[in-house]
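Below is one structure, written out as structure tokens; comments come after it.
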Amino acid sequence: QVQLVESGGGLVQPGGSLRLSCVASGSISSTDTMGWYRQAPGKERELVASITRGGTDYADSVKGRFTIARNDGWNTVYLQMNSLKPEDTAVYYCNYKQPGWVNGRSTTFDSWGQGTLVTVSS
């Protein structure tokens with residue numbers, strides 16, 4: 001079981017910046033994957049960025065503007081969002097993925113934060 005607590009959302013003007021943070025606690029490991037998803041009104045939840053020891057991955061819509069990073073203790077993930085656009089407005093969710101086994105078959109367990117609202121508007 002992993003608990004996630006997010007912070008850092010808010011209202012920002014187009015072109016501005018925000019930094020989201022997510023602290024993980026519980027049964028965590030530096031080999032697990034952490035990431036950020038977002039869900040805009042009327043749309044499905046989508047991956048924004050993820051990070052493992054092997055590297056990072058970004059949605060095409062945020063490449064060059066957003067940066068994901070983890071702290072040295074590997075229990076906190078950050079999302080630095082620059083050059084924000086109105087279409088970045090959404091609820092942002094922290095995600096934690098752990099590999100595991102169910103009935104002898106490998107699977108992935110997902111944990112989610114409560115979500116933090118980012119509004120980009122003038």
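Because only heavy atoms are used, hydrogens play no part in the values below, and waters and symmetry mates are left out as well, while side chains stay in.
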**OP:** To the nearest 0.5 angstrom, please state how far the OG atom of S27 sits from the CZ atom of F109.
**Re:** 10.5 Å
**OP:** Nearest 0.5 Å please: distance from the NZ atom of K97 over to the OG atom of S50.
**Re:** 8.5 Å
Original post:
So, do T89 and V118 sit near enough that their side-chain heavy atoms are less than 4.5 Å apart?
Top reply: no
Subject >> Six-ring centre of Y78, R19 cation under 6.0 angstrom, axis tolerance 45° >> reply: yes
Subject >> Residue pairs involving residues 50-62 (criterion salt bridge (Lys or Arg N to Asp or Glu O under 4.0 Å); sequence neighbours excluded) >> reply: D60-K63
Original post:
Are a donor atom and an acceptor atom from the side chains of T119 and S121 found within less than 3.5 Å of each other?
Top reply: no
Original post:
Is the shortest heavy-atom distance from the side chain of L20 to the side chain of M81 under 4.5 Å?
Top reply: yes
Subject >> Within 45° cone and under 6.0 Å: R38 NZ/CZ vs Y93 ring >> reply: no
Original post:
Does atom CD of Q1 have more than 12 heavy-atom neighbours, drawn from other residues, nucleotides or ligands, at distances under 6.0 Å?
Top reply: no
Subject >> V48 and L79, any side-chain heavy atoms less than 4.5 Å apart >> reply: yes
Original post:
Below 6.0 angstrom between ring centroids: does that apply to F66 and W36?
Top reply: no
**OP:** Give a yes or no on this: more than 12 heavy atoms of other residues, nucleotides or ligands lie within 6.0 Å of atom CD of Q114.
**Re:** yes
Original post:
Any side-chain heavy atom of T33 within less than 4.5 Å of one from I51?
Top reply: no
Subject >> Any D32 side-chain heavy atom under 4.5 Å of P99 side chain >> reply: yes
**OP:** Locate the shortest heavy-atom distance separating S122 from P14; write the atom from each residue and the value.
**Re:** N-CD, 3.7 Å
Original post:
If you look only at pairs with a residue in residues 22-105, which of them pass as a disulfide bond (SG atoms under 2.5 Å apart), with sequence neighbours excluded?
Top reply: C22-C94
Original post:
According to a 4.5 Å side-chain heavy-atom criterion applied to Ile, Leu, Val, Met, Phe, Trp and Tyr, with indirect links allowed, do V23 and I68 form part of one hydrophobic cluster?
Top reply: no
Original post:
Honestly curious: do L47 and W112 fall in one hydrophobic cluster under the side-chain, below-4.5 Å linking rule?
Top reply: yes
**OP:** Could you check D88 against R65 for side chain to side chain contact (heavy atoms under 4.5 Å, CB included), going step by step and ending with a plain yes or no?
**Re:** CA-CA 11 Å; D88 294 317; R65 300 188 296 123; 2.7 Å; yes
Subject >> From N75 atom CG to R70 atom CZ, the distance as rounded to the nearest 0.5 Å >> reply: 8.5 Å
Original post:
Which is it for D110 and Q98 under the side chain to side chain contact (heavy atoms under 4.5 Å, CB included) test, yes or no, and what are the steps along the way?
Top reply: CA-CA 7 Å; D110 281 286; Q98 290 177 300; over 6 Å; no
**OP:** Could you tell me which non-hydrogen atom of M34 sits nearest to which non-hydrogen atom of A24, and how far apart they are?
**Re:** CE-CB, 4.0 Å
Original post:
Does S17 reach the side chain of Q80, with side-chain heavy atoms less than 4.5 Å apart?
Top reply: yes
Subject >> From Y92 atom OH to L117 atom CG, the distance as rounded to the nearest 0.5 Å >> reply: 9.5 Å
**OP:** Using a 4.5 Å cut-off on heavy atoms from C-beta on, say whether the side chain of W74 contacts that of T31.
**Re:** no
Original post:
Looking at side-chain heavy atoms only, is the closest gap between Y37 and Q39 below 4.5 Å?
Top reply: no
